[in-house]
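Residue numbers begin at 1 in each chain, while the letters A, B, ... track the order of the sequences.
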Amino acid sequence: MILNHIIVLIPISLLVFSFITFLLGTVRRSLAYPTALVGSAISVACSVVGLILVLQGGPIHYYLGGWPPPIGIEYVLDYLSAFMAVLTTFIGFISIVYSRKSFAQELPHKVVPLYTITLLLLSGLCGIIVTGDLFNLYVFLEIASLTAYALLAVGEKRAPVAAFRYVIMGTVGACFYLLGVGFIYFSTGTLNMADAAKLLPAIYDSRAIIAAAVFIVIGIGLKMALFPMHSWLPDAYTYAPSAVISLIAPLMTKVFAYVLIRMLISVFLPEYLSDVIPATLVIGWLAAAGIVIMSIMAIAQDDFRRMLAYSSLAQICYVALGIGLANPLGLIGGMLHILNHAFMKGCLFQVAGAIRYRTGLTSISKFNGLGKKMRWTMGSFGIAALSMIGIPPACGFFSKWYLMLGSIDAGNWVFVGVIALSSLLNAVYFFKIIEKVFFAQPDDDIVENAAEPPKEMLVPIVIMAVAIIALGLVNVYIVTNILEPVVNHVFN
Amino acid sequence: MSWEIGLIIVVVVIISAIVALSIRDLLAASFVLMAYSFGMALLYTELGAPDVGFTEAAVGAGLSGVFIIAALYYMKRRSDD
Amino acid sequence: MQAYLSIAPVIAICVSLIAAILIVMSRHYPRLCVGWTIGSAVIKFAVIASMLPSVLNGNYPAIKLFELSPGISLAFKVDSAGMIFGLSASLLWVITSVFNIEYTRIFSWLRDIRYFASFTVCLAATIGIAFAGNLFTLLIFYELLTIATYPLVVISGKPEAIFAGKKYLAYLLTAGALLIIATALTFRYAGTLDFIPGGFLDAGIGSDKLLVLAVLFIIGFGVKAALMPFHSWLPTAMVAPVPVSALLHAVAVVKAGAFGFVRVIGFVFGPTLFHDIGAGTILSIMAGITILISSLLAIGQDHLKRRLAYSTVGHLSYILLGLSLFSPIGWIGALLHIVNHAMMKITLFFCAGAIAAKTRMDRVSQLGGIGKQMPYTMAAFTLAALGLIGIPPISGFVSKLFLGQGALGADLWILLALLLLSGLLNAGYFLPIIRRAFFVPSDMFVKYDESPLLFVIPLALTALMALYFGLQPNGLFDFFKLATDAATSVFAGGIR
Amino acid sequence: METLLGSYWFYITTILMAIGLWGMLAKRNLMKKLIGMNIFQTAIILFYITGSSKIGATVPIYDPEIGVANPALYHNPLPHVLMLTAIVVAVATSGVTLALMLMIYRRYHTLDEREIMKRMHE
Amino acid sequence: MIAKYKNIVVNIASRVMAPFMMLYALYALFHGHSSPGGGFQGGAIMAAGVMLLRLTLGKERSSRKFPVWLAPVIGTTGVFIFAGTGIVTMLGGGNYLDYGFLPFPFLSPSEHRFWGILIIEIGVFLGVSGIMVTIFDCLTAEQE
């Protein structure tokens with residue numbers, strides 16, 4: 001019986017547990033961590049069960065309050081959303097495991113609200129993923145954004161300024177999205193995605209729909225930090241607490257990329273966004289430019305986290321490139337890159353946090369010889385870095401492979417060149433670190449005294465690193481069983 | 001409701017929006033913002049959404065303003081632009 | 001010719017991967033690391049040698065593990081060409097790991113898990129390249145080889161090593177990126193990537209597109225095969241320890257590039273198509289120029305290992321020249337040269353390493369009279385150098401003979417002239433070393449003895465093998481038959 | 001919808017949105033940015049409300065004289081419900097933003113963006 | 001810390017007004033289904049009442065009437081009522097928030113819906129008022 005409700009349990013369990021965490025945490029601070037852990041474990045279980053159900057029996061539709069659409073709010077767990085839900089909850093779980101020691105060192109007095117807000121954030125993200133209703137998506141989007149603002153603000157001295165900038169840009173993005181939804185609603189009279197997708201083709205030429213598409217794409221583009229709307233991201237990522245950023249960096253922008261994909265495949269349909277208005281073309285070229293420029297910016301950084309932030313920007317452009325290609329293989333590449341990049345960036349930011357935890361270092365130029373002291377951590381870093389560069393069989397290679405095939409199908413040689421060039425640029429900034437970490441002599445007392453981080457931090461890092469290799473090897477199962485049905489459904 | 005009143009409210013709303021942004025005393029700006037919100041609430045009501053108007057009056061004009069004023073307790077009231 | 005299911009190729013690859021893990025786990029016991037290396041080398045060689053009889057009979061062990069991308073599997077197939085490369089690499093790895101024992105004892109900073117682990121991973125990748133059943137599998141191991149070699153280049157951590165590592169990566173990762181593009185293009189054009197003797201690309205794709213593809217492949221593999229003008233990473237990478245230079249920069253890595261050409265020309269394009277679109281001409285011109293210029297550059301080098309490196313550049317282009325000749329004879333010569341050059345060049349590097357370990361001298365001009373002090377070492381050196389020049393009955397002569405015949409068969413007199421000229425140039429840069437070693441009076445005050453036994457045995461062994469394969473090209477491992485099989489299979493399917 | 005584009009309410013919404021965006025992006029004072037944000041959000045709410053209103057209809061509250069037979073006589077109530085949510089979201093955003101602003105003020109003792117930048121890099 | 005406002009008119013007036021505001025909040029809540037109002041608005045007015053006290057009486061004295069720790073607890077309870085009702089309907093066999101499946105005896109489905117919505121509105125009321133007051137308290141919290 002509970003299986004019927006699995007879809008709504010994913011966000012609701014997180015929501016309920018966020019408040020349980022708060023209540024128990026007020027009673028006793030040490031209870032916050034285990035409660036949060038239990039809550040996110042339950043959500044992982046729910047989403048895994050959901051994925052299994054979807055793989056067995058196809059998409060699940062759930063009508064909130066028993067009202068069928070278009071009146072009521074519909075939750076949909078199709079292949080893509082089930083996959084994203086598993087990804088989100090799993091990364092959330094891993095980073096909560098990771099966060100304990102990090103919070104204990106950096107922000108010991110704010111543990112209870114931090115865990116509450118973290119669970120709320122996850123709940124918002126899961127809500128974004130499972131909802132099939134355009135306005136409901138806005139509500140969850142705001143929940144996720146508000147909690148993210150709060151989490152990002154508690155970091156270093158400069159964090160609030162960065163978070164404030166994020167608030168402004170994020171609000172503009174969300175409002176643009178809301179405006180676009182308004183245009184859709186007043187043109188079609190529905191807020192349900194599937195319903196809108198049915199009604200929209202009849203009025204594709206309407207100026208209102210064009211406006212809706214433009215507003216939604218810009219709004220989501222701001223939220224996912226698509227080049228050139230990225231200016232809020234580097235500061236926000238650089239100054240946030242390590243544990244927070246290892247949760248937000250893999251998830252936030254990816255989930256918004258997912259929203260863009262969802263708009264593309266289940267609201268507007270690709271033929272509209274690629275033919276009637278050349279939105280995908282614009283996204284694709286912006287992404288191509290973004291990949292190159294952001295990678296070059298990443299090379300210029302000395303702060304490890306800032307470098308990773310710029311690298312994130314470049315990587316989110318890969319997803320956007322897949323969306324911009326708007327053909328089956330490109331889209332598969334983009335979606336697969338959401339998964340891959342979530343794991344790679346999660347691992348890298350966790351490594352950054354671990355280094356900071358043990359040594360307090362954030363500047364790459366001081367990393368000399370760290371590999372000898374933190375073998376497992378830096379080994380995992382090496383795997384993640386190689387995956388970012390695109391060395392097979394790590395997973396990063398495969399998303400680039402599909403994107404490349406998609407670009408070839410689209411006949412766009414510039415994109416092919418950009419993908420190849422970007423892996424070289426990735427190599428430049430990652431090998432700069434690998435060289436220092438593994439092959440330079442330690443020249444610093446801090447490094448000499450460094451040691452492996454505690455097990456609670458190390459285990460998540462290693463799990464992520466192993467997952468990076470494993471995902472590369474099993475990517476074909478994900479592609480054929482989960483992503484291809486999504487794409488075939490749209491492009492047949 | 002007659003269109004004249006609507007027009008007056010619209011003019012008031014637009015002017016108060018501009019004033020709220022250009023006035024240099026932040027406390028005054030927050031009061032102008034509350035006036036703006038109240039004007040918006042009237043507009044909503046006129047357009048047939050009394051419950052939204054009600055909420056806007058309570059939340060937008062009331063709570064937001066109170067929040068800003070509460071925050072201004074700890075800040076400088078002057079703004080340079 | 002048929003394939004049968006066998007897990008042996010996977011074992012051959014996994015042996016060294018497991019060894020790498022074991023090495024990492026036993027990092028506090030350097031002796032154990034040496035043990036794992038030798039053990040895995042022997043097992044690997046045994047596994048590969050056990051596949052030899054069936055390969056000779058035309059039964060190719062093959063296995064498809066799982067799909068890596070829809071329509072593309074991780075597949076291994078041990079055919080004659082792959083067997084040549086795999087067998088020679090694994091055989092020489094056994095010898096190199098013996099050489100390694102003494103070398104790491106002398107240079108004790110090399111007793112580092114990074115060194116041993118990277119070494120074993122390199123060999124796993126090399127064998128993966130040799131046994132890859134499709135272009136995608138080959139690509140994966142090719143990239144893996146690139147990455148696994150990097151630590152070996154920069155292992156000393158000195159500034160020049162770091163610089164060499166940067167240069168190495170810049171060249172090889174660029175090449176790798178181009179190869180990925182080429183592979184993706186091939187997959188979109190042909191719909192498959194499985195190697196088929198005689199090629200699977202269709203001329204109907206359009207010769208322009210195919211030529212672009214071929215150029216991408218030539219650059220992609222040419223960088224690793226040190227084709228000029230993409231060669232300059234190789235001399236720079238000579239800062240690496242001697243066993244690395246010996247095995248990787250004479251046998252595994254650079255030969256992987258050459259072997260990539262074997263696969264692309266013979267099993268992706270097919271020699272006919274490769275020629276029809278004009279890529280064969282491009283490749284042969286580039287290879288010819290490389291042979292000449294590299295030999296000239298080698299003469300100017302005083303640093304012994306750099307001289308050997310330039311010699312390697314030239315000899316790799318022999319292989320490419322043979323492959324681009326479009327005749328079975330040329331192919332046989334090229335495939336044999338993969339083995340023969342490996343034997344001879346590894347001997348030379350071992351000698352250079354033995355001398356450097358003993359005397360800390362690495363310049364040609366410092367070697368006066370060294371022949372009298374280290375007679376066995378320098379005898380082996382002389383033998384291998386003569387072989388590379390092309391003096392019968394050493395094995396270098398055999399492959400050069402076939403290459404020359406191939407050039408004649410293709411009516412390319414200019415290439416024959418080139419081969420002869422380069423033989424002379426080879427003599428020009430090897431004979432002065434020998435002359436200095438044996439006939440110039442020693443200017444050294446210290447009296448050195450012969451190298452340790454653990455140095456002499458490997459280098460004597462490889463030198464004798466070079467001699468043996470010159471006398472008996474078909475002896476012991478039937479390299480000649482393997483090469484003939486490979487060439488015939490490629491050309492049987494190639495005439496369309 | 002096409003008629004809405006021609007209606008004067010649409011222009012009012014656009015003007016307010018433009019004012020709000022100007023405040024958010026051009027004003028240097030953080031509080032002014034917040035005020036601009038509020039204006040921007042209310043403008044969007046106005047957009048929804050205007051979209052849902054119909055000429056000659058009444059407020060969407062059950063009226064015994066009209067009954068439920070003809071829904072066209074009521075304004076569309078759904079956008080109103082949505083906007084209630086949006087208003088609460090807006091005030092929550094204001095709250096979070098003000099909290100951020102307080103943190104910033106405590107660290108830099110100013111709300112002027114240019115000053116903050118200057119003090120940040122000191 | 002917000003101190004007591006030093007003006008007796010303001011003080012007395014707000015003391016008189018605050019209970020009425022709260023009463024009106026309850027009116028808005030319970031009358032929401034037939035006139036403008038409901039959980040959101042009611043909650044906001046409730047919060048405004050509390051804030052009025054905070055602003056005029058000062059934090060210290062108003063905390064005696066409405067303690068600082070109470071606000072987040074009320075907010076959390078509200079969310080619990082909201083989520084819990086949904087879970088109860090799920091346990092009753094319906095979809096999430098399908099009020100027809102609330103386990104009230106002796107009631108017709110439409111009455112089920114009526115009471116269900118009321119419960120939800122109460123949850124929203126508590127949630128909104130609690131969280132708004134929490135935000136206010138955080139904004140006016142002592143400097144670190």
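- Side-chain atoms of D:Y48 come within 3.5 Å of backbone atoms of A:L178 as a donor-acceptor pair (strictly under, hydrogens ignored).
- A distance-only check finds a donor-acceptor pair linking the side chain of A:R158 to the backbone of D:M120 [under 3.5 Å].
- Heavy-atom distances place both the backbone and the side chain of D:T97 under 4.5 Å from chain A.
- At a 4.5 Å heavy-atom cutoff, the contact between D:L21 and chain A is made by side-chain atoms alone.
- For the set D:L25, D:I44, D:L34, D:V96, the count of heavy-atom pairs under 4.5 angstrom toward chain A peaks at D:I44.
- Most heavy-atom pairs under 4.5 Å with chain D, from the set A:A159, A:A174, A:C175, A:A153: that is A:C175.
- For A:V161, the parts lying near chain D are the backbone and the side chain together; criterion is any non-hydrogen pair under 4.5 Å.
- Taking A:A243 as the reference, A:Y98, A:S99, A:S102, A:F103 meet the side-chain contact (heavy atoms from CB on, under 4.5 Å) condition, with sequence neighbours excluded.
- Counting heavy atoms of neighbouring residues, nucleotides and ligands inside a 6.0 Å radius, atom CZ of D:R119 exceeds 12 of them.
- Proximity to chain A (any heavy atom under 4.5 Å) is restricted, for D:M37, to the side chain, taken from C-beta onward.
- Counting heavy-atom pairs under 4.5 Å between each of A:N136, A:V167, A:L146, A:I143 and chain D puts A:L146 at the top.
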| field | Residue pair A:F164, D:M103: steps toward the side chain to side chain contact (heavy atoms under 4.5 Å, CB included) verdict | value | CA-CA 10 Å; A:F164 189 87; D:M103 290 167 82; over 6 Å; no
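- The part of A:L191 that comes within reach of chain D is its side chain, from C-beta onward, which places non-hydrogen atoms under 4.5 angstrom from that chain.
- In terms of non-hydrogen atom pairs under 4.5 Å with chain A, the most contact-rich of D:L30, D:V89, D:L82 is D:L82.
- Contact detail for D:T85 and A:F135: the closest heavy-atom pair is CB-CE2, 4.0 Å.
- Interface remark: D:L100 contributes backbone and side-chain atoms alike to the contact with chain A (heavy atom separation under 4.5 Å).
- Under the 30°/60° scheme for interplanar angles, the aromatic rings of A:F186 and D:F47 are found to stand perpendicular.
- When the shell of 6.0 Å around NE2 of D:H121 is examined, it contains more than 12 heavy atoms from other residues, nucleotides or ligands.
- Closest approach of D:M24 and A:I168 over heavy atoms only: CE-O, 3.7 Å.
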